[in-house]
Structure formats: structure tokens, C-alpha cells
Amino acid sequence: PFGYGLSYTEFEYSDLKVDYVVSTPATAEKENTYYVSVKVKNVGTKEGKESVQVYLQKPYTDYDKENGIEKSAIDLVGFGKTRLLKPGESQILKIGFSEREFAVYDSYKEKTYILEDGRYYITVGKNAHAAVNNILAKKGKTKADGMTSDGDASLCYDNNGKDMTFGNKKLYSTALATGKEITNRFDNLDLKIYDKGGPNEGIRYMTRSDWEGTVSYAWDESEKATFNHVRVTVTDKMQADLTHSFKPPKDAIAKNRGKVTFGSKKTSYKLIDLRAYADDDDDPTNDKPIPYNDPMWEDLLDQIPWDEVTNLLSHGFRMTYAVPSIGKPETIDQNGGTGPIQSYYEMANDDIEKSVNQGLGVLTDDPDKKSSPVTYPCNGIVAATFNEELAEYYGKQWGEDSLWAGRAGLYGMGANIHRSAYGGRNFHYYSEDVFLTGKMAAAVARGLRDRGVFPYVKHCFLNDQETFRCGLFTWANEQSVREIYLRAFQIVIEEGHAPTVMTSLNSLGVIFSGQQGFLNSVLRNEFGMTGHAVTDTLGAHNGNFMHSIYYGQDIPDGTISANWFDFAKPDESGNTDYYDYVMAMRESTHRILYTVVHSNAMNGFSSATRIKKLTPWWKTTIVAVQSVTGAALAASIALWSFVTFLPNKKKEAFRNEKVG
């Protein structure tokens with residue numbers, strides 16, 4: 001069962017205690033919180049650690065059945081790890097979790113998170129199966145009722161309706177990070193809503209209220225293969241929306257004239273000036289960070305010329321482009337779901353001034369600088385530890401290697417869900433459980449951020465199969481999106497402070513993920529994400545990258561021509577017919593700069609630092625090789641055409657002669 005693990009010893013749980021702490025200025029709790037404490041004793045003959053798991057069972061009500069709300073038998077809501085316990089030694093472990101975990105998402109009636117009246121059970125268990133048995137035991141059930149083993153009722157807390165704030169049904173209908181309203185943002189993924197009145201409205205989702213009628217997997221009793229799938233009927237609306245997502249911005253976005261400033265000389269900030277307010281003391285660690293919405297950012301953005309903005313937004317292949325006018329360096333972003341595994345010397349030059357790579361391996365002339373970092377265990381192994389402290393330390397080690405290798409960003413870790421043992425990217429992702437995935441990924445993200453590395457958490461989202469992922473249309477209702485597929489990303493952003501994500505190649509419904517709108521409406525407006533979003537492999541998704549900038553996508557995992565933005569370029573007075581689009585470009589620039597200024601890319605920078613754009617030797621070599629191979633290819637095509645043309649002409653003459 002989920003949560004099961006092996007050990008060289010045995011542990012015994014006792015003395016369960018649950019405390020409820022209401023959020024007040026006196027308690028200093030952000031939200032109403034439950035604290036579960038349990039005594040863990042090593043009753044075996046070897047020393048060892050134990051992973052203690054906290055589970056919650058919510059009531060499955062008539063309201064749920066009437067309104068399409070689904071609930072699992074139990075949810076993992078907390079976990080902790082003991083220290084190394086010797087035989088006979090005990091430790092009291094205390095694990096807290098927010099009352100927000102009691103809420104469920106109501107997709108169709110309230111269209112937000114709600115708290116329902118009823119009896120809730122909290123238990124600790126060595127795995128999910130043991131936890132269910134403890135709850136059943138609390139309800140008076142035994143093996144005589146069909147259980148595989150008896151549970152322990154003393155390890156289960158029954159709230160009995162007490163200590164709850166359920167009188168406020170919508171207590172958790174606002175976002176923790178931003179205080180903004182939470183409501184439906186994914187109706188275009190739910191066929192029952194998206195195709196209301198159409199041929200797909202009548203589909204049935206799997207439901208706990210009718211297992212036999214909605215679930216049919218594997219083989220039936222006669223050993224005949226059965227299938228559980230929905231055949232989606234393509235509609236004119238789907239065709240129109242898909243076509244719209246491929247249109248260039250000038251055809252897909254309404255004109256709205258306005259004035260935008262580029263290349264202003266009123267101020268002369270450097271990017272490093274926007275990192276923190278300088279205090280009177282000489283200790284920079286005491287400096288207070290300048291917030292994202294500080295007016296200084298508007299002045300800095302005004303300074304950047306149009307061509308530097310378009311260069312920044314059109315170059316994103318494992319990098320962010322330099323912005324010389326404000327002293328922003330080019331950064332190197334590594335693609336690696338299991339850490340920075342490429343050479344420390346990538347994009348480097350022995351002449352330090354000409355080296356894009358300014359990592360410590362290059363700067364210290366490390367004799368091993370042309371080696372590669374160690375390959376770390378995959379993220380599923382990390383999650384199996386149930387140890388957030390260890391995962392954060394692990395993230396710091398990724399960060400150390402990134403510092404040595406000159407990496408500011410990392411395309412990893414992955415926060416998608418293990419839906420199958422055969423998932424092609426499971427080694428990037430942590431678990432089949434959303435809570436464990438989110439918590440462990442958040443811990444790794446904190447470790448990376450501690451070393452100045454910004455992780456692009458991927459693939460956001462619903463990227464749950466590798467096969468055909470570039471052409472896949474994924475459908476889901478709001479509750480499953482909120483509580484499963486996006487929840488792990490929420491935890492990584494809110495608790496791990498991950499500023500950046502990589503969007504997915506699949507479409508959400510029929511809309512490319514970067515154009516669906518959730519980047520702004522949910523990740524930023526609700527979860528509080530401040531940084532930028534990169535696409536997955538450019539050109540492989542079901543949409544137009546240029547168009548997606550309007551919806552919150554920022555840079556491509558590839559390179560496009562900066563001239564593609566010319567349709568929106570302001571005139572000499574700063575006026576443009578595509579004001580809203582240009583402001584979206586400006587905001588993308590803001591997000592990239594805010595991310596980079598708080599990264600290791602700015603180590604060693606001061607207001608006096610100047611960025612000089614150089615063409616490294618390897619890029620010159622590539623261009624030369626491309627020119628030579630291009631000329632050779634053209635000559636080959638010409639020769640092929642000539643050689644093919646002659647025999648064909650001879651054959652034609654022969655045929656004409658025979659016919660004549």
C-alpha cells in the first residue's frame with residue numbers, strides 16, 4: 001500500500017494527541033492548524049528511523065453526491081521522520097497541518113473550496129492501509145466485518161463536530177498567498193461545461209457513488225477485456241478554439257492604442273540596484289528585498305530599449321538573454337530533472353571576460369572543470385524517504401553543483417503525478433500522492449533557492465503521459481485539477497518559493513497550456529508566483545508562442561526571430577496599436593528580471609558593472625559550419641537535380657521516339 005516501507009527494526013505507536021490551534025495574533029498561526037503528536041518507540045533489535053504519516057478522512061455527504069464532489073477514503077495531510085532511534089528508545093513526534101486540508105473543491109455549485117459539516121477522522125499510520133484500518137476500528141469495525149486486519153482505534157482522533165469553524169462554509173475560498181478570490185478557472189477543460197448543450201455534455205466521470213456503473217478496468221469475470229474510456233466528439237467550437245490558439249498575435253488580439261516607454265534616460269538604474277534596499281550597515285544580508293511592485297521597477301523597465309526587450313523574450317533555450325542597458329547578464333539554465341548533470345565547463349571560455357559561464361569551476365580554474373557533476377537519485381527515491389529536511393539538504397547539493405557549473409536556473413524538478421508505473425517521465429516526478437509530491441518538491445526548491453538557483457517546476461500541468469504528449473488534448477474537471485494535478489505545483493510555489501515553471505506540451509482542453517490563462521489567473525494571482533514561465537520544446541506544442549505571451553507565457557524553450565514582434569513596435573512617440581500586448585511583453589520582461597536579480601547570476605555585481613555582449617568562439621564556429629554545410633547542401637541538391645534531370649530527359653526523348 002501507499003506509504004509502505006521496509007526497515008531492519010520494528011516500531012510501535014502510542015499516546016496519540018491532537019491539538020487544535022485557532023489563527024489569532026496571539027498564536028501567530030497563519031491559519032487554523034491541527035497538531036498531531038504520537039510516541040514512536042523502537043521495539044526491535046536494530047537502530048532505525050520511522051516515517052510517521054498523518055491521514056484525514058472527510059465525510060462523503062449527500063451534497064457531494066448531488067453536486068459531483070468526489071472524496072477518497074483517506075488523504076495524506078502530514079508526515080514526519082524520527083531521529084535515529086536505538087532499540088528501546090522513544091521519541092514524541094509532532095506534525096502540524098492546516099485546517100485548509102479539510103476543504104474540498106465544489107466545481108459545479110459554489111465553484112470554490114467549501115467546508116462541510118460532518119464527522120472527520122484524523123489518524124497516524126505506517127501506511128495508507130493501516131490508516132484506513134485505524135479509522136474503521138474507531139467506527140467499531142473488526143476483521144469480522146471484512147477487514148484484512150484489525151486497526152488500532154487509540155491511534156484515531158474523531159472530531160465529533162467539535163473545534164471546527166465549519167459555520168463559515170467558504171472560509172477557505174480565498175488564496176493563502178495573495179488573499180484573492182478562488183473560483184473556477186478551468187471550465188474549458190471540463191467537457192460537461194465546455195460543451196454544454198453539445199454531444200459531449202452527457203459524459204460520466206468515475207464516481208464513488210456508482211463504482212459499478214462508472215469503473216470498468218482490466219478483465220471481467222469471463223476474462224474478457226473491458227475498457228473505460230470516453231469517445232470525444234469533435235465540435236465546431238473545438239475547431240475554432242484550436243485554430244485561434246495557432247493564430248499570430250496581430251490576428252488573435254484586438255487592437256487597443258496606447259503609449260509605452262522604451263529607452264528612457266530619466267533614470268539610470270542597473271538591475272542589481274533593484275535587488276534590495278541598502279541599509280546603513282555594511283552587511284548586505286540585512287538589506288530588505290525590493291518588492292515586485294515597487295515603483296522603481298517601472299523606471300527600470302522604461303530604460304530598456306525595444307530591441308533588448310524583444311531579444312530577451314525571443315531567446316529562451318536553456319538561458320535568459322543579456323540586457324546590456326541595465327547590466328543584466330546572460331544566464332545559463334540547465335535541463336535536468338535530477339540535478340545539473342552537464343559539464344561544469346559548458347558555455348565557458350578560458351578567457352574569463354569572454355566566458356558566458358561565470359561558475360566557480362571556471363573562475364577558480366578547477367582542474368576538474370571539464371568534468372560533470374554527479375548524477376543524483378531520481379525524485380521518486382527522494383520522495384520515498386518522507387524526509388523534508390533531507391530533501392532540502394539534497395536541493396542545496398544541487399545548488400552547490402549549479403554554483404560550480406555557472407547555472408542560475410534548472411529545468412526541474414517535476415511536480416506531475418505518477419498515474420501509472422509506466423509513465424515516461426516518472427523519474428522526474430516524486431509520487432502518486434499529490435501532498436507528498438508537493439512537500440518534497442518544495443523542500444528541494446528551498447534548497448536550490450538557498451544557493452541562488454531558480455527551479456523551473458515542470459511540466460505545468462496535466463502532463464501525465466509521455467507518448468503523444470505533443471498532440472494530446474487533456475480534459476479534467478475543476479476539482480481534479482485543483483486537488484490533484486495543480487495542487488503539487490501550488491505547494492512548491494507557496495511553500496518552496498519556486499518563482500518559475502515550465503509549461504507542458506499537451507493542451508488543456510484544446511488550448512495550449514501557455515495560452516489557457518492559468519499562469520496569470522491561478523499561479524500568479526492565487527499562488528503568488530513572481531517569476532517567469534518557459535515553454536517546453538518550442539514548436540512541439542499545440543499553439544503559437546507569440547500569442548501565448550499575452551496569456552502569461554514568457555520565453556520559449558528555443559529561439560525565435562526578434563523581428564516577429566515588429567507588428568506591435570511603437571512609433572517614434574511610443575504609441576502602438578497593440579498596447580495590451582506590449583504591456584504583456586513588458587510584464588514578461590519584469591518577471592524575468594525579478595527572477596534573475598534574486599539569483600546567483602548577480603553574484604559579484606555592483607552598480608558599476610557593465611555588460612558587454614560578445615560572440616563566443618563556439619557560436620562563431622557553429623555559424624561557420626552552418627554556412628559550409630548549407631552551401632554543401634545546396635550544391636548537393638543542384639547536383640541531384642542535374643543528375644536526375646538528365647536521365648529523365650533521356651527517358652522522355654526515348655518515349656517520344658518510340659511513340660513517334
Side-chain angles (χ1 to χ4, degrees), residues 188-189 232 234 238-249 251-252 312-321 332-338 341-342 409-417 419-420 422-429 455-476 485-486 489 500-519 523 532-565 588 592 622 626:
N188 58 357
L189 276 69
V232 177
V234 178
M238 292 179 190
Q239 181 64 47
D241 286 346
L242 181 60
T243 301
H244 178 81
S245 70
F246 277 100
K247 288 183 176 180
D251 297 330
L312 178 66
L313 301 185
S314 57
H315 294 77
F317 183 62
R318 301 174 188 177
M319 65 178 294
T320 64
Y321 213 62
I332 307 174
D333 296 344
Q334 164 84 52
N335 185 32
T338 53
I341 59 175
Q342 294 177 343
L410 190 68
Y411 288 7
M413 65 297 301
N416 293 117
I417 302 302
R419 295 192 68 207
S420 161
Y422 307 108
R425 289 295 180 102
N426 279 359
F427 73 101
H428 279 187
Y429 310 143
Y456 294 85
V457 188
K458 61 185 187 182
H459 304 84
C460 197
F461 67 105
L462 277 171
N463 186 84
D464 296 300
Q465 70 179 56
E466 189 71 6
T467 304
F468 302 126
R469 69 188 181 120
C470 297
L472 190 67
F473 301 140
T474 312
W475 304 93
Y485 302 107
L486 203 54
F489 290 93
T500 43
V501 297
M502 172 186 281
T503 51
S504 54
L505 290 176
N506 61 294
S507 289
L508 307 180
V510 296
I511 306 300
F512 162 50
S513 61
Q515 290 171 277
Q516 194 274 342
F518 79 96
L519 287 166
L523 264 60
H532 56 281
V534 66
T535 70
D536 205 334
T537 308
L538 180 65
H541 48 69
N542 299 315
N544 184 301
F545 164 71
M546 296 287 292
H547 188 187
S548 68
I549 283 182
Y550 185 76
Y551 296 97
Q553 187 80 64
D554 301 296
I555 54 175
D557 185 20
T559 301
I560 63 171
S561 171
N563 294 334
W564 289 5
F565 290 100
S588 287
I592 297 167
I622 289 175
Q626 287 176 333

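What you see below is based on every heavy atom in this structure, not just the backbone, and it leaves out hydrogens, waters and symmetry mates.
- For Gln334, the side chain to side chain donor-acceptor pair (under 3.5 Å) test picks out Gln342, Arg407, with sequence neighbours left out.
- Contacts of Thr243 classified as side chain to side chain donor-acceptor pair (under 3.5 Å), with partners at least two apart in sequence or in another chain: Gln239.
- In this structure, CG in Leu508 is found 10.0 Å from CG in Leu472, a value given to the nearest 0.5 Å.
- Side-chain contact check for Leu313 versus Tyr321: every heavy-atom pair is 4.5 Å or farther apart.
- Annotation: salt bridge (Lys or Arg N to Asp or Glu O under 4.0 Å) contacts involving residues 504-518, sequence neighbours excluded, are absent.
- Here the straight-line distance linking atom CD1 of Ile555 with atom CD1 of Ile549 works out to 10.0 Å at 0.5 Å rounding.
- Using a 4.5 Å cut-off on side-chain heavy atoms (C-beta onward), Tyr485 and Arg419 make contact.
- Remark: aromatic rings of Phe246 and His547 are distant, center separation not under 6.0 Å.
- Taking the side chain as every heavy atom from C-beta outward, Met546 and Pro248 never approach each other to under 4.5 Å.
- When side chains are defined from C-beta on, Asp464 counts as touching Ile417, because their heavy atoms get closer than 4.5 Å.
- Listed by chain and number, the residues in a salt bridge (charged side-chain N to carboxylate O under 4.0 Å, His left out) with Arg425 are Glu466 (sequence neighbours excluded).
- With rounding to the nearest 0.5 angstrom, the CG atom of Asn542 is 12.0 Å from the CZ atom of Arg469.
- Pairs of residues two or more places apart, or lying in two chains, never qualify as salt bridge (Lys or Arg N to Asp or Glu O under 4.0 Å) while including a residue from residues 539-553.
- Evaluation of the salt bridge (Lys or Arg N to Asp or Glu O under 4.0 Å) test over residues 504-513, restricted to residues two or more places apart or in two chains, returns none.
- Donor-acceptor pairing under 3.5 Å is recorded for the side chains of Tyr429 and Asn463.
- Atoms CZ and CD, on Phe461 and Gln516 in that order, are 6.5 Å from each other to the nearest 0.5 Å.
- Every pair tested for salt bridge (Lys or Arg N to Asp or Glu O under 4.0 Å) that includes a residue from residues 541-551 fails, sequence neighbours excluded, so the list is empty.
- Residues passing the side-chain contact (heavy atoms from CB on, under 4.5 Å) test with Leu538 are His541, Phe545, Pro556, Ile560, sequence neighbours excluded.
- Applying the salt bridge (charged side-chain N to carboxylate O under 4.0 Å, His left out) rule to Asp333 yields no partners; only residues at least two apart in sequence or on another chain are considered.
- The side-chain contact (heavy atoms from CB on, under 4.5 Å) search around Val234 returns none, not counting sequence neighbours.
- A 4.5 Å side-chain heavy-atom check between Val501 and Lys458 finds every atom pair outside the cut-off.
- By the side chain to side chain donor-acceptor pair (under 3.5 Å) test, Asp241 is found to be paired with Tyr194, residues two or more places apart in sequence or in another chain being considered.
- With rounding to the nearest 0.5 Å, the separation of NE2 in His459 from OG1 in Thr503 is 9.5 Å.
- With sequence neighbours excluded, no residue satisfies side chain to side chain donor-acceptor pair (under 3.5 Å) with Asp557.
- For the pair Leu486 and Cys460, the minimum side-chain heavy-atom distance is below 4.5 Å.
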